[in-house]
Amino acid sequence: AQKVTQAQTEISVVEKEDVTLDCVYETRDTTYYLFWYKQPPSGELVFLIRRNSFDEQNEISGRYSWNFQKSTSSFNFTITASQVVDSAVYFCALSEAGIYNQGGKLIFGQGTELSVKP
Amino acid sequence: DAGVIQSPRHEVTEMGQEVTLRCKPISGHNSLFWYRQTMMRGLELLIYFNNNVPIDDSGMPEDRFSAKMPNASFSTLKIQPSEPRDSAVYFCASKLDGRRETQYFGPGTRLLVL
């Protein structure tokens, strides 16, 4: 079965601290896709990154970086020098595979609520 | 470019009333998804369409929920009759075909059933 686990329900840090959000997934597929979304207090869901299972290269975008490790089925997200505007709920998601999954159904983790205090 | 458009943004209704939520996907996207977000259950997929055809409606809670996609630029999610436990944020998302493509979400409709 496909599953995404975000074990950290809430994290609280002080501004400028680094913080890592964990994501562990389960899948039997050899080809799959992983995503991170951000949900700020305003409520919308904002796409951050997509990673396919063939590409284990880490990615950095400004203060954001992602560490994909197939061996441990993890796709962790690090924010460097956190800011108050980073306060949000962050969701990790897995694109479910299968012969009927032409559409790319997403399986979401429960989310991690990050609070960055000034 | 316009993103996914949802209406209304907020809806307050009384138990037993019919509720219709609307979604306009991003132009050119041929997959459309309806999700529900609650504190207890998180984000859960209700139904998704590919080329206007419902592909998987296994997440639709019960017969009170129905969804349609009469054309490529419009979809509705209807709840009849509504119940207090239907109170949630309902998101619509769209994407291009294929598993590798990214889903882009609308702003959501916050539904409160009294």
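Naming: A, B, ... by sequence-line order, numbering from 1 per chain.
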Problem set entry | Contacts of residues 108-118 of chain A with chain B (heavy atom under 4.5 Å) |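 Within residues 108-118 of chain A, near chain B: A:Phe108, A:Gln110.
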For this session: Would you mind checking which part of B:Phe49 comes under 4.5 Å of any heavy atom in chain A, side chain (CB onward), backbone (N, CA, C, O), both or neither?
Result: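 Interface part for B:Phe49: neither.
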For this session: Side chain from CB out, backbone as N, CA, C, O: work out which of these in B:Arg41 comes under 4.5 Å of a heavy atom of chain A, or both, or neither.
Result: backbone
Do the side-chain N and O atoms of [X] and [Y] include a donor-acceptor pair separated by under 3.5 angstrom?
X	Y	result
B:Gln37	B:Glu44	no
A:Glu44	A:Ser42	yes
A:Thr31	A:Asp29	no
A:Asn67	A:Glu59	no

Exercise. Going through the checks in order, is the salt bridge (Lys or Arg N to Asp or Glu O under 4.0 Å) test met by A:Glu15 and A:Arg63?
Worked result: CA-CA 13 Å; A:Glu15 208 170 18; A:Arg63 295 183 298 105; over 6 Å; no
For this session: Using the six-membered ring of A:Phe54, assess whether NZ or CZ of A:Lys70 lies under 6.0 Å from its centre and within 45 degrees of the ring axis.
Result: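 Yes, A:Lys70 lies over the aromatic ring of A:Phe54.
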Exercise. Does any pair with a residue in residues 63-91 of chain B pass ring-ring contact (aromatic ring centres under 6.0 Å, His included), and if so which ones, sequence neighbours excluded?
Worked result: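 Sorted result for residues 63-91 of chain B: empty, none.
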